[in-house]
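In what follows, every chain begins at residue 1, and chains take the letters A, B, ... in the order their sequences are listed.
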There are 2 protein chains.
Amino acid sequence: MPLRMTRQRMLILEELMRLKTHPTAYELHAIVKRTLPQISLGTVYRNLEQLSASGRCQRLAFGSGNRRYDGNTEAHHHLCCLECGRVDDLPADGHEIEHVLKAALGEVCGYRITGVSIELYGICPACKKRETTKNKKTIRR
Amino acid sequence: MPLRMTRQRMLILEELMRLKTHPTAYELHAIVKRTLPQISLGTVYRNLEQLSASGRCQRLAFGSGNRRYDGNTEAHHHLCCLECGRVDDLPADGHEIEHVLKAALGEVCGYRITGVSIELYGICPACKKRETTKNKKTIRR
DNA sequence: TTTGGTGCAAATTCTTTGCATCTCT
DNA sequence: AGAGATGCAAAGAATTTGCACCAAA
């Protein structure tokens, strides 16, 4: 399935990479509509899903709820506001992580930090096993 | 608003603390129904929301989508399966975090790790300011 | 041309809420 | 008794999908 370069897809990815705001599909739709007024929300959802699945952007999820997308494909971490849902990049590379964690109960980038969480993503033993037996299965979200 | 100890609330919290599976509201509802067959999904949602708001449990959110709840109120981290959505506790305290991150590209607890993310939760400067001016505002989820 | 993509609207899925009734304290 | 809580069902949000038409390769 070769990804066709449609006007819509190109625009979506361009805007996403340009933005630093980790938009939701809904927010990004509002933005791309300024250039392509007739573009549908469904198209934005479909493209974000495909683009993130193929590694051209990242899909994020935080405590506040909505799924957000990030045009920055490098591994990096985030500051999530519990009140407004805003997400900022955490300006810390691997070497600074320790420092950041230690400072976590104080101020970081002007945020009042109330919690820290480290998440590892991967494939669990059961799924690894299932994968090798080629047994596809639909999962309830 | 003193939390009343109803049969439903007690059961929900008990089961949540007993489980190690970080259930969704839907999953937990299925479980508590075994004891209280007439309990409604709405009640489970309402109670999980209250219990987490009052610090008696934790509300989690991961890339896969659904909101999950955790009866363990101590700060700890998670392993999230990208395929089935399963969430396990990461057996690492503060001192081990560094080690875990370094091992992150290999195997942890049998998972094949594909990504690591650190999330800090807190209140952003804009919201802190807004808080002090007592200007309440509803936010789009 | 042909196959994937799009717009639109309807359908799903997850979560919240209004309301009449119940039940802790 | 009275403030909260519950069950139920309907409403809301967020996301996905079926389908007829369109457009990139």
N or O in side chain of R67(A) less than 4.0 angstrom from dT16(D) OP1/OP2: yes

Value rounded to 0.5 Å, distance of CD in Q50(A) from SG in C57(A): 10.5 Å

Full working for side chain to side chain contact (heavy atoms under 4.5 Å, CB included) between R67(B) and L48(B): CA-CA 11 Å; R67(B) 199 168 285 172; L48(B) 287 174; over 6 Å; no

Integer-rounded Å distance: dC8(C) P and L36(A) CG: 11 Å

Whole-Å distance separating the CD atom of E27(A) from the P atom of dT15(D): 11 Å

Would you be so kind as to tabulate the donor-acceptor pairs closer than 3.5 Å made by side chains of residues 39-46 of chain A, with sequence neighbours excluded?
| unit_1 | atom_1 | unit_2 | atom_2 | d |
| --- | --- | --- | --- | --- |
| S40(A) | OG | T43(A) | N | 3.2 |
| S40(A) | OG | T43(A) | OG1 | 3.1 |

For DNA chain D, the residues among residues 37-49 of chain B that have a non-hydrogen atom under 4.0 Å from it: Q38(B), I39(B), S40(B), T43(B), R46(B), N47(B)

Shortest non-hydrogen contact between Y69(A) and S52(A), atoms and distance: CE2-OG, 4.1 Å

Axis bend over the full length of the helix from dT1(C)-dA25(D) to dT25(C)-dA1(D), computed from five pairs that close each end, to 10 degrees: 40°

Separation of T73(B) OG1 from R56(B) CZ (nearest 0.5 Å): 10.5 Å

Between dG5(C) (P) and I12(A) (CD1): distance, integer Å: 12 Å

Separation of atom NZ in K33(A) from atom C1' in dC8(C), rounded to whole Å: 13 Å

If you restrict it to nitrogen or oxygen atoms, what contacts under 3.5 Å exist between nucleotides 22-25 of chain D and the protein, and what is each distance?
| unit_1 | atom_1 | unit_2 | atom_2 | d |
| --- | --- | --- | --- | --- |
| dA25(D) | OP1 | M5(A) | N | 3.3 |

Presence of R9(B) side-chain N/O under 4.0 Å of dA5(D) phosphate oxygens OP1/OP2: yes

Distance (rounded to the nearest 0.5 Å) between R4(A) CZ and R9(A) CZ: 9.0 Å

L51(A) CG - dG4(C) C1' separation (whole Å): 14 Å

Sequence neighbours excluded - salt bridge (charged side-chain N to carboxylate O under 4.0 Å, His left out) pairs with any residue from residues 27-41 of chain A: E27(A)-R68(A)

Distance in angstrom units between M10(B) CE and dT23(C) C1', rounded: 12 Å

Atom pair OG1/CD of T35(B) and Q8(B) - distance to nearest 0.5 Å: 11.5 Å

Nearest-Å distance for atom pair CG/P, residues L11(B) and dG7(D): 11 Å

Name every donor-acceptor pair, under 3.5 Å, that has one atom in a side chain of residues 10-21 of chain A and the other anywhere in the protein, sequence neighbours excluded.
| unit_1 | atom_1 | unit_2 | atom_2 | d |
| --- | --- | --- | --- | --- |
| E15(A) | OE1 | R18(A) | NE | 3.1 |
| E15(A) | OE1 | R18(A) | NH2 | 2.4 |

Pairwise distance CG(L60(A)) to NE2(H22(A)) - rounded to 0.5 angstrom: 6.0 Å

Between P of dT15(D) and CG of L28(A), the distance in whole Å: 13 Å

Side chain to side chain contact (heavy atoms under 4.5 Å, CB included) evaluation trace for E49(B) with R59(B): CA-CA 8 Å; E49(B) 195 48 39; R59(B) 200 173 93 170; 3.1 Å; yes

